[in-house]
Amino acid sequence: MIVATTVDEVRRTVRAWKREGLTVGLVPTMGYLHEGHASLVDAAVAACDRVVASDFVNPTQFGPGEDLESYPRDFDHDCALLEEHGCSMVFHPSVDEMYPDGGGKTDTYVEILNDMPKQLCGKTRPIHFRGVCTVVSKLFNIVTPDKAFFGQKDAQQLAVIRKMVRDMSYGIEIVGCPIVREEDGLAKSSRNTYLSDEEREAALVLSKAVFLGQKLVEDGETDATKIVAAMTDLIQAEPLARIDYVEAVDGLTMAPVTTVEPPVLFAMAVYIGTTRLIDNFLVEA
Ligand code: AMP
């Protein structure tokens with residue numbers, strides 16, 4: 001596996017691949033990789049001749065007081081996992097390589113101006129999706145992939161990226177991949193490492209709420225408000241949990257909905273202690 005730290009190196013390598021007629025898949029990540037990330041690499045390896053994973057904690061998507069500095073990092077472990085899953089190249093740039101003006105700042109952003117990035121996570125993370133769109137847009141320009149792979153775990157991010165690709169005419173296919181969970185249901189996340197043993201146990205309320213919501217939909221409940229209320233009650237019964245949001249939204253636009261008319265996304269963000277975790281399920285047609 002090639003380890004690239006500069007934009008030039010990535011460009012030269014991808015150009016050579018393309019001259020050979022090979023297709024390229026991109027898996028953007030912030031590192032501290034787990035089986036959720038690995039599933040995206042597996043999907044990319046199955047669909048493309050060469051796979052590039054980016055491993056970069058992107059400062060422009062973190063707000064003041066968020067966990068940019070403390071975000072977990074283990075590049076050696078990441079390389080081992082990526083290599084094992086057949087990744088061709090990891091792009092691990094410095095902050096200055098990605099943001100040449102210095103200080104992890106940029107004067108140029110890609111930003112969706114409608115309400116989509118203001119819903120759900122955008123309510124408490126107002127600059128988050130502007131940072132995500134900007135860094136993913138830069139990665140698209142650097143790697144020029146045929147396909148890019150994102151997890152349904154970050155459902156709003158996936159919707160925002162799909163919208164950005166349409167609006168900006170990127171000729172890139174966006175592939176959404178299912179949520180990978182621990183055996184007991186907890187969605188895998190790099191941030192799970194922040195949890196104490198007691199909090200790890202308490203964090204199961206997120207997946208339990210997802211499973212409860214899914215069961216209610218399966219049983220024929222069509223009132224999204226009732227489903228959200230049941231999920232909320234379940235989470236509120238856990239003393240270590242504090243709800244940021246539990247909501248039903250349109251699966252494409254992220255606008256709030258009150259009935260289960262597919263595609264509907266039931267999404268939540270919940271603090272367990274000081275750790276903010278997200279989970280969701282999508283009801284498709
Ligand atoms: P992150 O490193 O957290 O920015 O995530 C990088 C990519 O991995 C995003 O597309 C995430 O949605 C995806 N991802 C993270 N956790 C999971 C998971 N448990 N299952 C599937 N995809 C995931």
Side-chain angles (χ1 to χ4, degrees), residues 25-47 51-63 66-68 70-75 77-79 81-82 85 87 90-93 98 120-121 125 128-140 143 145 147-165 172-195 200 203-204 206-207 210-211 251 254 265 267-270 275-282:
L26 170 67
V27 179
T29 85
M30 296 208 301
Y32 211 71
L33 304 181
H34 50 64
E35 289 306 314
H37 300 106
S39 74
L40 305 188
V41 176
D42 291 344
V45 166
V51 173
V52 181
S54 59
D55 188 313
F56 178 63
V57 181
N58 173 40
T60 63
Q61 70 189 67
F62 287 77
E66 292 186 353
D67 57 347
L68 173 60
S70 58
Y71 196 84
R73 293 161 166 89
D74 187 346
F75 186 59
H77 169 266
D78 292 351
C79 285
L81 180 141
L82 290 171
H85 285 265
C87 181
V90 58
F91 178 40
H92 184 53
M98 284 300 272
L120 304 178
C121 289
R125 308 189 74 191
H128 177 67
F129 291 108
R130 183 183 77 168
V132 168
C133 283
T134 302
V135 78
V136 170
S137 175
K138 285 169 69 70
L139 290 168
F140 284 177
V143 178
K147 300 176 192 234
F149 298 77
F150 294 85
Q152 180 63 32
K153 158 93 183 337
D154 298 85
Q156 188 176 12
Q157 169 173 283
L158 178 54
V160 160
I161 297 295
R162 287 192 197 283
K163 166 98 175 121
M164 177 187 84
V165 163
I172 297 169
E173 184 188 334
I174 302 302
V175 182
C177 301
I179 300 176
V180 176
R181 299 179 179 280
E182 304 285 355
E183 260 178 33
D184 61 5
L186 180 67
K188 289 195 185 248
S189 165
S190 308
R191 289 188 169 100
N192 291 347
T193 187
Y194 296 148
L195 302 168
R200 171 67 182 72
L204 287 178
L206 282 95
S207 51
V210 163
F211 301 148
M254 305 288 111
L265 177 74
M268 68 188 80
V270 178
T275 304
R276 186 175 176 279
L277 300 176
I278 56 173
D279 205 340
N280 69 80
F281 70 99
L282 186 63

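Along the sequence shown, the residues carry numbers beginning at 1. Since the structure is predicted, the reported quantities are computational estimates derived from the model, not experimental observations. Counting starts at 1 for both ligands and their atoms, following the listed order.
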Practice prompt. Mind telling me whether Phe75 and His92 have parallel, tilted or perpendicular rings, with 30° and 60° as the class edges?
Written response: parallel
Item to complete: Applying side chain to side chain contact (heavy atoms under 4.5 Å, CB included), name anything that partners Asp154, two or more places apart in sequence or on another chain.
Response: Gln157, Ile278
Discussion item. If you apply the rule side-chain contact (heavy atoms from CB on, under 4.5 Å), what do you find for Leu120 with Met254, and how did you get there?
Written reply: CA-CA 8 Å; Leu120 304 178; Met254 305 288 111; 3.8 Å; yes
Worksheet item: From Leu158 CG over to Lys153 NZ, what is the distance, rounded to the nearest 0.5 angstrom?
Response: 13.0 Å
Worksheet item: Going by heavy atoms in the side chains, are Phe129 and Lys163 under 4.5 Å from each other?
Response: no
Practice prompt. Report yes if the side chains of Val27 and His37 come closer than 4.5 Å at any heavy-atom pair, otherwise no.
Written response: no
Practice prompt. Could you please provide the protein residues found below 4.0 Å of ligand 1 on a heavy-atom basis, arranged by chain and number?
Written response: Pro28, Thr29, Met30, His34, Gly36, His37, Leu40, Tyr71, Phe150, Gly151, Lys153, Asp154, Gln157, Pro178, Ile179, Val180, Lys188
